[in-house]
Amino acid sequence: MRTIETKKEYTAITNRIEELLTIVDNTTATNDKNYIELDLLSDMVADYEETYEPIKAPTLVEAMKLRMYERGLNQKRLSELLGVSTSRVSEYLTGKSEPPLKTARDISQKLDIDPIIVLGI
């Protein structure tokens with residue numbers, strides 16, 4: 001199968017995908033030429049993005065800040081939830097220190113953050 005080689009090709013193909021998305025919907029038959037074209041182009045774009053523009057896993061700091069935002073938590077409320085001081089939470093959020101294993105486990109469980117992110121693996 002052909003691959004996307006340049007940013008110009010990528011842009012042209014993503015523009016074509018946008019056009020096809022106005023034509024193809026959930027009721028379009030899988031043997032429809034537009035559906036097939038959309039499927040093939042989408043695979044090409046996914047392969048290109050995986051190679052040249054990979055999405056990196058978030059850092060612990062990014063994940064914690066996102067969860068705090070989603071749950072309406074401030075540093076004080078987060079410190080109460082985790083059972084640590086607000087200054088310790090501040091150190092975690094600025095990256096000045098990493099949480100010990102027990103606190104890392106609590107962060108993972110109480111904020112629903114993947115343990116791989118919490119452990120930085």
Side-chain angles (χ1 to χ4, degrees):
M1 183 164 119
R2 187 180 184 293
T3 60
I4 300 172
E5 301 295 329
T6 66
K7 187 70 172 175
K8 187 175 181 178
E9 287 178 343
Y10 172 81
T11 302
I13 291 172
T14 55
N15 289 339
R16 178 62 183 150
I17 288 173
E18 291 295 324
E19 293 170 8
L20 289 168
L21 287 172
T22 63
I23 301 168
V24 176
D25 62 21
N26 292 338
T27 61
T28 305
T30 57
N31 62 350
D32 180 88
K33 68 177 185 170
N34 292 314
Y35 180 93
I36 294 168
E37 181 182 3
L38 177 61
D39 190 44
L40 290 170
L41 293 178
S42 296
D43 287 345
M44 290 173 64
V45 166
D47 290 344
Y48 177 87
E49 289 175 344
E50 191 174 297
T51 302
Y52 297 103
E53 300 175 7
I55 298 173
K56 297 175 185 166
T59 65
L60 176 58
V61 172
E62 293 167 337
M64 287 179 66
K65 287 181 178 180
L66 175 63
R67 287 296 192 258
M68 288 174 66
Y69 173 77
E70 291 173 343
R71 296 174 184 197
L73 298 172
N74 58 24
Q75 286 187 16
K76 183 174 180 356
R77 294 219 21 234
L78 180 60
S79 71
E80 293 167 357
L81 180 69
L82 298 176
V84 298
S85 69
T86 53
S87 61
R88 186 63 61 183
V89 168
S90 177
E91 289 177 7
Y92 301 154
L93 293 174
T94 58
K96 290 182 181 174
S97 70
E98 293 184 7
L101 187 56
K102 182 193 176 311
T103 306
R105 184 180 305 117
D106 288 342
I107 290 170
S108 177
Q109 292 172 343
K110 294 178 179 179
L111 295 180
D112 192 30
I113 298 174
D114 190 312
I116 291 174
I117 294 171
V118 175
L119 296 175
I121 299 173

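Note that this is a predicted model, so its numbers are computed, not measured.
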Problem - Heavy atoms from other residues, nucleotides or ligands near CD of E50 exceed 12 (cutoff 6.0 Å) - result: no

Completion exercise
To the nearest 0.5 Å, atom OG1 of T11 lies from atom CD1 of I4 at 9.5 Å

Problem - Salt bridge K56-E62, side-chain N to carboxylate O under 4.0 Å - result: no

Handout entry: Student check: side-chain heavy atoms of P58 and L66 closer than 4.5 Å
Key = no

Completion exercise
When rounded to the nearest 0.5 Å, the distance separating CG of L119 from CG of L60 is 9.0 Å

Problem - Donor-acceptor contact below 3.5 Å, side chain N15 vs main chain E18 - result: no

Practice task
Please say whether more than 12 non-hydrogen atoms of neighbouring residues, nucleotides or ligands are located less than 6.0 Å from NZ in K76.
Solution key: no

Problem - Any L38 side-chain heavy atom under 4.5 Å of N34 side chain - result: no

Handout entry: Cationic N near anionic O, under 4.0 Å, R16 to E19
Key = yes

Practice task
Scan side-chain atoms only and decide if S42 and D39 contain a donor-acceptor pair under the 3.5 Å cut-off.
Solution key: no

Handout entry: S90 side chain vs T86 backbone, donor-acceptor pair below 3.5 Å
Key = no

Handout entry: Under 3.5 Å: donor-acceptor pair, side chain of S108, backbone of D114
Key = no

Problem - Rounded distance [0.5 Å steps], OH in Y35 versus CG in L40 - result: 10.5 Å

Completion exercise
Note: T103 and V84 closest approach over all heavy atoms is OG1-CG1, 4.1 Å

Exercise for the section: Could you walk me through whether K65 and L93 pass side-chain contact (heavy atoms from CB on, under 4.5 Å), step by step? Expected result: CA-CA 7 Å; K65 287 181 178 180; L93 293 174; 4.1 Å; yes

Practice task
From the options E5, M44, E53, select the one residue that forms a side chain to side chain contact (heavy atoms under 4.5 Å, CB included) with Y10.
Solution key: E53

Completion exercise
Here the gap from M64 atom CE to L111 atom CG, rounded to the nearest 0.5 Å, amounts to 6.0 Å

Practice task
Step by step, work out the side-chain contact (heavy atoms from CB on, under 4.5 Å) result for Q75 and Y92.
Solution key: CA-CA 10 Å; Q75 286 187 16; Y92 301 154; over 6 Å; no

Problem - side-chain contact (heavy atoms from CB on, under 4.5 Å) assessment of V45 paired with T14 - result: CA-CA 7 Å; V45 166; T14 55; 4.0 Å; yes

Practice task
Working to the nearest 0.5 Å, report the span between CZ of R105 and NZ of K102.
Solution key: 8.0 Å

Practice task
Evaluate the criterion side-chain contact (heavy atoms from CB on, under 4.5 Å) for residue pair D112 and E70; output intermediate values, then yes/no.
Solution key: CA-CA 11 Å; D112 192 30; E70 291 173 343; over 6 Å; no

Exercise for the section: Could you grab the distance from atom CG of L20 to atom OG1 of T28, nearest 0.5 Å is fine? Expected result: 10.0 Å

Practice task
Determine, for R77 against E80, whether the closest basic-nitrogen to carboxylate-oxygen distance falls under 4.0 angstrom.
Solution key: no

